Amino acid sequence: MSTLNEPSEPSEPSEPSEPSEPSELYDPALAAAQEALVLAMTSGGPMPEGFDAEAVRAAARGILLKRAGEVGRAWPALAASYGPSWTEAFADWAAARPTRGSHRDGWDFARAREAGLPAEAARELALAGVRWSYDGEGEPRPRRAAVRRVPGGLAVLVMGRVREIPTGRSRRAMV
């Protein structure tokens, strides 16, 4: 029995568990198959050869449902405006689109349907637009100051704070 100060007996030499050549670690055919599989499951890519099509479709559907749940948590008014049809509506829209993160996915989905959004979902979209500059392509960037119409008024961003100012009938109702 060895103690901390005494060296232990040398163990038998073992075979190296990793290849000695870095080129042996990379298999281009495997990498291409993995990429095709990921594209098929996440963004509507073609079904790769050698995979069970039914299993790939089931996995892709599960990923879409998970994305819908994540976007619903990031955009609660948007998801609530669709009620029980939220998951299907989002999954149908997202099926051929790679994920860009739940915040951007929700923003893109809402912008694609902006004209028909109910008041609370339109307000949620407008408040995101007052806080962030987003062109639908690049990363959203925080704004320093902005004004956006929201249902029943205006949203104003100044010095990092958003204030909603009622206009029209809603303002008279508050006085």
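Source: prediction; values computed, not measured.
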Residues which pass salt bridge (Lys or Arg N to Asp or Glu O under 4.0 Å) with Arg67, listed by chain and number, not counting sequence neighbours: Asp105

Closest non-hydrogen atom pair, Ala40 against Pro46: CB-O, 3.5 Å

Common cluster, Val162/Met159, ILVMFWY with side-chain heavy-atom separation under 4.5 Å: no

Residues that Ala89 engages under side-chain contact (heavy atoms from CB on, under 4.5 Å), provided they are two or more places apart: Tyr82, Phe109

ILVMFWY cluster, Val158 and Ile165 together (side-chain gap under 4.5 Å): yes

Residue pairs involving residues 137-154 (criterion side chain to side chain donor-acceptor pair (under 3.5 Å); sequence neighbours excluded): Arg104-Glu139, Ser133-Arg141

Residues forming a ring-ring contact (aromatic ring centres under 6.0 Å, His included) with Tyr134, sequence neighbours excluded: Trp107

Spacing of His103 atom NE2 and Arg73 atom CZ [to the nearest 0.5 Å]: 15.5 Å

All salt bridge (Lys or Arg N to Asp or Glu O under 4.0 Å) counterparts of Arg100, not counting sequence neighbours: Asp108

Pairwise salt bridge (charged side-chain N to carboxylate O under 4.0 Å, His left out) hits with a residue in residues 37-63, at least two apart: Arg61-Glu88

Counting only pairs under 3.5 Å, give me each side-chain donor-acceptor contact of residues 121-128, with atom names and distances, residues two or more places apart or in other chains.
{"residue": "Arg123", "atom": "NE", "partner": "Glu164", "partner atom": "OE1", "Å": "3.1"}
{"residue": "Arg123", "atom": "NE", "partner": "Glu164", "partner atom": "OE2", "Å": "3.3"}
{"residue": "Arg123", "atom": "NH2", "partner": "Glu164", "partner atom": "OE2", "Å": "2.4"}
{"residue": "Glu124", "atom": "OE1", "partner": "Ala77", "partner atom": "N", "Å": "3.3"}
{"residue": "Glu124", "atom": "OE1", "partner": "Leu78", "partner atom": "N", "Å": "2.8"}
{"residue": "Glu124", "atom": "OE2", "partner": "Ala77", "partner atom": "N", "Å": "3.2"}

Linked, directly or transitively: Trp132 and Leu154 (ILVMFWY side chains, under 4.5 Å): no

Other cluster members, Met47 - Ile/Leu/Val/Met/Phe/Trp/Tyr, side-chain contacts below 4.5 Å: Leu37, Met41, Phe51, Val56, Ile63

Pairs involving residues 28-47, ordered by first then second residue, that meet side chain to side chain donor-acceptor pair (under 3.5 Å) (sequence neighbours left out): none

Over all atoms of both residues, closest heavy-atom pair of Val130 and Val147: CG2-N, 4.1 Å

Exercise: identify the closest heavy-atom pair between Ala112 and Trp93: CB-NE1, 4.1 Å

Same cluster (ILVMFWY, side-chain, under 4.5 Å), Leu117 and Trp86: yes

